[in-house]
**Student:** 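Sharing a structure, written as structure tokens. Questions coming.
Every chain is numbered from 1, with letters handed out A, B, ... down the list of sequences.
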Amino acid sequence: MSETVIDVRGLTKSFGGRKVVDNFDLKVPRGAIYGFLGPNGSGKTTTIRMVCGLLKPESGAGEVLGLDVLKESLKIKERVGYMTQKFSLYEDLSIRENLEFIARLYGLDRRVERVDRALEDLGLSERQAQLAGKLSGGWKQRLALAACMIHEPELLLLDEPTAGVDPKARRDFWDAIRRYSAQGVTTLVSTHYMDEAVQCDSIAYIAYGKKLIDSPTAEIPKQIGLHGWRVAGRPLQQAQEMLEQSPGVDLVARFGAEIHACGKDAAALERAVRAVKQAQPHVAIEPIEAGFEEIFIYLMSGAMDNFQ
Amino acid sequence: MNLPNLLDLSWARVFAVFLKELVQMRRDRPTFAIMIMMPVMQLVLFGYAINTDPRYLPAVVEMREDGPMTRAFLASLRASTFVDIVAVARTADEGEAMLRSGEANFLISIPEGFERRLVRGERPQILIAADASDPVAAGGALGAIERVAQSAFAPEFEGSLSYLAQGPPPYEIVVHRRYNPAGVTAFNIVPALLGVILTMTMVMITSIALTRETERGTMENLLATPVRPLEVMIGKTTPYVFVGAIQVAIVLIVATLLFRIPFTGSFLAFLIAVTLFILANLMLGYLISTVARTQMQAMQMTFFIFLPSILLSGFMFPFAAMPAWAQAIGEALPITHFLRIVREVVLKEAGLADIAGDLWPLALILVVLATLALLRFRRTLD
């Protein structure tokens with residue numbers, strides 16, 4: 001069995017003359033949880049849809065589960081579970097009817113047994129006759145995950161699966177994904193949440209249709225090389241406004257009563273922070289190490305335009 | 001809420017809502033196009049295509065005699081705008097067959113020895129067999145044929161024959177109303193209503209089949225599964241075959257019990273035709289659903305099909321009386337063929353062989369629609 005589950009090269013897609021995904025490469029090894037990050041509209045959904053055959057790339061090639069992504073999308077669909085960003089099961093079918101429908105489409109044997117087990121795993125056995133449309137957001141997400149797992153796919157493509165879900169449901173959701181990963185299921189998951197990104201083995205960062213970063217999660221801070229300063233005290237608002245105007249400051253993030261100012265150019269950043277101290281003598285400044293939080297805010301804010 | 005509150009009004013906000021509606025209306029191009037097209041279409045259909053005073057109804061003449069008077073009568077018939085002589089039959093069977101198949105609405109027979117008996121004052125008969133399965137079309141033309149006869153024979157009754165011009169006409173026109181002797185309008189309308197009911201419901205139901213999935217976002221999930229376009233098409237339309245079957249049963253029961261409509265023809269022929277017709281309508285609706293982006297658009301497109309289905313199919317107005325372009329549109333509609341079949345089978349004792357001429361166009365329409373719908377089906381979200 002091939003150890004690379006997703007191997008796509010040069011995927012390109014435009015809508016209305018605008019390149020939404022531009023020359024995109026990705027290699028995902030078996031069993032990995034691959035995080036897919038990027039600001040809104042950066043092309044994450046389009047890329048995931050191309051990987052599972054829902055959109056035809058204009059150019060590029062690749063294999064998913066060893067199958068040609070352009071020619072064998074029907075075979076790929078049989079072995080991939082895709083969870084859409086928006087709830088896309090039938091709101092006017094019951095929980096059980098939705099799962100049975102999907103199970104029939106995949107032509108699964110032991111259908112009743114599988115659906116029973118999925119309902120049990122979900123903790124929805126009692127409510128299986130309830131209409132899916134009546135479920136809360138968190139439960140809808142769980143149902144959708146169960147639906148895309150029912151045919152035991154080898155690859156999970158999850159498009160912002162936890163958007164708008166409460167923290168408890170999100171934690172449960174990630175526990176489930178890690179369980180699947182331990183069983184050898186590969187996961188490509190797009191997210192906006194920093195705490196979720198940290199849980200991924202590797203991260204691909206995409207902005208304006210281009211992949212800018214692709215590396216193991218632990219190596220990302222070093223790779224980006226972001227320097228940070230903490231600014232605390234009063235008046236914080238003026239300090240923040242000043243920092244935002246300063247050259248050399250790429251990110252100003254407010255954490256409660258303090259500001260973290262980050263930048264890639266250490267010297268320029270220090271100059272900017274010291275200038276603020278001069279103008280507002282009552283604030284305290286202190287160099288810090290830019291952690292994941294700062295880095296992800298930096299990444300998610302779309303500040304990566306000029307990276308590389 | 002009290003009344004003064006209800007009547008609170010800010011023109012700025014009214015303008016905001018007005019502007020928003022205007023923009024949304026402009027964005028929904030197909031809806032806008034149909035709103036503009038609808039009056040144009042209705043004007044053209046009612047103004048040009050529809051003729052409530054039927055003319056050029058197809059007739060066949062059976063001539064058992066060939067003399068100067070009968071030739072004059074035939075010439076007058078040919079010149080008349082009321083009937084269109086499509087054939088001159090030599091045998092009785094030939095004329096009867098044309099009447100049954102609907103190729104002719106009238107069979108005008110002039111018996112042997114007509115002229116000799118006319119001269120002798122024996123008042124020979126001109127037999128007119130009218131297809132009264134459409135009483136409206138039959139009624140108007142019958143009076144016209146009498147007038148044609150009068151003016152055709154008048155110049156012949158001169159000189160030595162001038163005595164024939166006196167008193168009542170020296171011949172007798174005998175009219176047989178075939179297939180619906182009493183000329184009951186319901187006999188014509190009720191079987192045809194089956195076609196209208198099926199067209200309306202079958203097309204409307206399936207016109208939102210895919211549109212609803214797209215609108216609700218469930219299409220993305222459906223396309224992510226290994227389901228094939230043909231599987232979706234068959235699976236989505238089959239439930240409505242049963243709905244159609246129930247409608248057929250209801251109409252048949254009501255037609256028999258309430259309207260006492262005889263069912264004279266082959267029931268098997270009827271079943272085959274009605275099945276093809278239901279399938280063709282389902283495919284028509286399904287094709288709409290591959291085009292329409294919203295359910296609203298699907299409804300409007302359905303109505304766009306429905307209007308010619310009623311006006312140009314021969315349901316409301318005689319098909320033969322329409323201009324050629326309107327007939328061409330009518331021929332492309334499933335209901336036109338179904339109406340002919342259902343009238344022939346129910347009222348005219350037709351069997352499978354008699355309706356073959358309308359069965360194959362129905363099958364052809366079905367295949368073309370299904371193929372188009374399959375080609376239109378988008379396997380991806382592109």
**Student:** Just wondering, do L74(A) and R228(B) contact through their side chains at under 4.5 Å, heavy atoms?
**Tutor:**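 A side-chain contact under 4.5 Å exists here.
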
**Student:** Within a strict 4.5 Å, meaning less than it, do heavy atoms of the F101(A) and L222(B) side chains meet?
**Tutor:**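 Heavy-atom side-chain distance check passes, below 4.5 Å.
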
**Student:** Mind jotting down which residue pairs meet the salt bridge (Lys or Arg N to Asp or Glu O under 4.0 Å) criterion with at least one end in residues 235-246 of chain B? Sequence neighbours excluded, please.
**Tutor:**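 Every pair satisfying salt bridge (Lys or Arg N to Asp or Glu O under 4.0 Å) with a residue in residues 235-246 of chain B: E213(B)-K236(B).
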
**Student:** Can you tell which part of K86(A) gets under 4.5 Å to a heavy atom of chain B, answering side chain, backbone, both or neither?
**Tutor:**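 Contact with chain B involves the side chain of K86(A) alone.
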
**Student:** Atom CZ of R104(A) and atom OG1 of T225(B): how far apart are they, to the nearest 0.5 Å?
**Tutor:**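 Interatomic distance, R104(A) CZ to T225(B) OG1, rounded to 0.5 Å: 14.0 Å.
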
**Student:** I need the minimum non-hydrogen distance between G217(B) and S88(A), along with the two atoms involved.
**Tutor:**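 Closest pair (atom of G217(B), atom of S88(A), distance): O-CB, 3.1 Å.
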
**Student:** With rounding to the nearest 0.5 angstrom, report the OG1 to CE distance, T84(A) to M219(B).
**Tutor:**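 Taking OG1 in T84(A) and CE in M219(B), the distance rounds to 13.5 Å.
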
**Student:** As an exercise: rank I102(A), L157(A), L105(A), I76(A) by heavy-atom pairs under 4.5 Å with chain B and give me the winner.
**Tutor:**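 Ranked by contacts with chain B, first place is L105(A).
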
**Student:** Atom NZ of residue position K140(A) - does it have more than 12 heavy atoms of other residues, nucleotides or ligands inside 6.0 Å?
**Tutor:**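 Correct, the count exceeds 12.
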
**Student:** Heavy-atom count check: over 12 atoms from other residues, nucleotides or ligands less than 6.0 Å from R9(A) CZ?
**Tutor:**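 It does: R9(A) CZ has more than 12 such atoms within range.
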
**Student:** State the CG-NZ distance between L223(B) and K77(A), to the nearest 0.5 angstrom.
**Tutor:**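 Here the rounded value is 6.0 Å.
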
**Student:** Is R216(B) paired with D92(A) through a side-chain N to carboxylate O contact shorter than 4.0 Å?
**Tutor:**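 R216(B) and D92(A): salt-bridged.
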
**Student:** Side chain, backbone, both or neither: which part of N98(A) has a heavy atom under 4.5 Å from chain B?
**Tutor:**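 Answer is neither: N98(A) stays 4.5 Å or more from chain B.
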
**Student:** Tabulate, in ascending numerical order, the residues of residues 108-123 of chain A having at least one heavy atom closer than 4.5 Å to a heavy atom of chain B, or enter 'none'.
**Tutor:**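 Not one residue of residues 108-123 of chain A has a heavy atom under 4.5 Å from chain B.
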
**Student:** Could you tell me which non-hydrogen atom of Y106(A) sits nearest to which non-hydrogen atom of A224(B), and how far apart they are?
**Tutor:**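 Heavy atoms only, the tightest pair is OH-O, 3.7 Å.
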
**Student:** Please classify the contact of K13(A) with chain B as side chain, backbone, both or neither, using a heavy-atom distance under 4.5 Å.
**Tutor:**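 Contact with chain B involves the side chain of K13(A) alone.
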
**Student:** Would you check if R379(B) and K56(A) make a side-chain contact, meaning some heavy-atom pair closer than 4.5 Å?
**Tutor:**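 Counting from C-beta outward, R379(B) and K56(A) never come under 4.5 Å.
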
